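Given the structure is predicted, the values throughout are model-derived calculations rather than measurements. Residue numbers start at 1 and run along the sequence shown.
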Amino acid sequence: MSLSPPPLAFAALNLRRNPFGSVRPDEEAGLVVVDVGRWASFLGDSSSPGRRAIQILGPPGAGKSTHLRALARRWPGHPVWAWSADHGWPAPPAAGPHLFVDDAHLLSRGAFARAVSSRRRVALATQRCLEQRLERRGFDVRTVPVTALVDPAHLDAVVQRRLVAARRGPGPVPRPDRAHLESLVRRHGPDLRAILDDLYRWIQRFAEAA
């Protein structure tokens, strides 16, 4: 991403900042456009019989982590266990019925087995299907192909929420039309990260010309 224009350039667009740039972790929950209610209902609480797992499956940039974290927020106090490029895997969360794992495809088979052995409810974000591994450990598995969730209607809702969060006050703001959003989905497929990068540059051009 290029250097941001001065704040007054965005003010001319009725924006406080570029709506499509990176956001702080504490801002993410307010910008997420996901419907995880049906997944949360399937997982349920640990008092329900059996073992249940959700795997959110798809390529990089399609929103797997975003959806997983939205689902995890239904169970406060259950953090998402995630791999770090700098530090690898941290110590796993304390034992409990629910486990939420990001980038689960990076776990070795042994680490995967140890992680889920005592859990009754598991949710994973993964680039590779882990359904058979979960089924061998007695889980009833639901697979969510996250690529099916990124379409022009979903993208329009994402754009609207980000514009509202960045708006300075009443009045119009730059907004991509439906044809623009459809062209982005055709160009990038489900890669929401690449789509937002394109929209970031689109707003930058507006600001630089203001």
Side-chain angles (χ1 to χ4, degrees), residues 23 25-85 88-151 153-155 157-158 161 185 189-193 195-196:
V23 298
D26 61 304
E27 295 179 300
E28 183 184 38
L31 296 176
V32 168
V33 179
V34 295
D35 177 12
V36 297
R38 61 193 184 281
W39 309 344
S41 296
F42 169 72
L43 280 182
D45 59 44
S46 57
S47 64
S48 303
R51 309 179 84 190
R52 297 181 183 179
I54 292 275
Q55 69 162 354
I56 304 171
L57 178 65
K64 298 184 303 300
S65 299
T66 298
H67 284 78
L68 180 69
R69 293 179 190 280
L71 180 60
R73 283 194 288 272
R74 297 293 187 102
W75 286 271
H78 290 74
V80 173
W81 188 34
W83 181 83
S84 161
W89 288 101
H98 288 71
L99 178 67
F100 300 89
V101 187
D102 199 6
D103 288 323
H105 56 280
L106 297 176
L107 282 170
S108 68
R109 287 182 178 271
F112 180 91
R114 290 190 295 273
V116 304
S117 63
S118 63
R119 314 289 179 155
R120 293 172 57 81
R121 300 291 183 265
V122 172
L124 312 173
T126 176
Q127 294 180 29
R128 185 173 68 253
C129 183
L130 301 173
E131 189 168 332
Q132 290 185 348
R133 291 191 196 181
L134 289 162
E135 288 177 340
R136 283 198 295 269
R137 288 165 179 82
F139 285 94
D140 180 9
V141 184
R142 295 290 183 273
T143 296
V144 178
V146 75
T147 53
L149 304 177
V150 180
D151 59 19
H154 177 262
L155 182 56
V158 170
R161 188 160 298 186
V185 172
D191 191 340
L192 188 58
R193 188 180 305 148
I195 290 172
L196 291 176

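- Ring geometry for W39 versus H67: interplanar angle of 30 to 60°, hence tilted.
- We find the CG-NE2 distance between L43 and H98 to be 6.0 Å, quoted to the nearest 0.5 Å.
- In this structure, the side-chain hydrogen bond (donor to acceptor under 3.5 Å, both in side chains) partners of T143, at least two apart in sequence or on a different chain, are Q55, E131.
- A 4.5 Å side-chain heavy-atom check between P59 and T147 finds at least one atom pair inside the cut-off.
- The only option from I56, D103, L134 that meets the side chain to side chain contact (heavy atoms under 4.5 Å, CB included) definition with L124 turns out to be L134.
- Residue S117 comes nearest to R51 through the heavy atom pair O-NH2, 3.1 Å, listed as atom of the first residue, atom of the second, then distance.
- With hydrogens and angles ignored, the 3.5 Å screen pairs no side-chain donor or acceptor of H105 with any backbone N or O of R128.
- When the side-chain contact (heavy atoms from CB on, under 4.5 Å) test is applied to A153, the partners found at least two apart in sequence or on another chain are D151, R178.
- Shortest non-hydrogen contact noted between A40 and R74 is CB-NH1, 3.9 Å.
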Stepwise, does the side-chain contact (heavy atoms from CB on, under 4.5 Å) test hold for I195 with V158?
-> CA-CA 11 Å; I195 290 172; V158 170; over 6 Å; no

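- No donor-acceptor pair closer than 3.5 Å links the side chain of K64 to the backbone N or O of A125.
- With R69 contributing its side chain and V80 its backbone, the two residues share no donor-acceptor pair below 3.5 Å.
- Between W81 and W89, the angle of the ring planes lies from 30° to 60°, which puts this pair in the tilted group.
- Between T126 and V101, every side-chain heavy-atom pair lies at or beyond the 4.5 Å cut-off.
- The nearest pair of heavy atoms linking A123 to L71 is CB-CD2, 3.8 Å.
- Separation of atoms NE2 (H78) and CZ (R121) is listed at 11.5 Å; rounding is to 0.5 Å.
- Heavy-atom minimum distance, D102 versus A82: CB-CB, 3.9 Å.
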For residues 135-142, run the donor-acceptor check on the side chains, cut-off 3.5 Å, and write out each pair with its distance to 0.1 Å, sequence neighbours left out.
{"residue": "R137", "atom": "NH1", "partner": "R133", "partner atom": "O", "Å": "2.9"}
{"residue": "D140", "atom": "OD1", "partner": "R142", "partner atom": "NH1", "Å": "2.8"}

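- Residues L107 and L130 fail the side-chain proximity criterion, which asks for heavy atoms closer than 4.5 Å.
- Here the straight-line distance linking atom CG of L192 with atom CG of L155 works out to 7.0 Å at 0.5 Å rounding.
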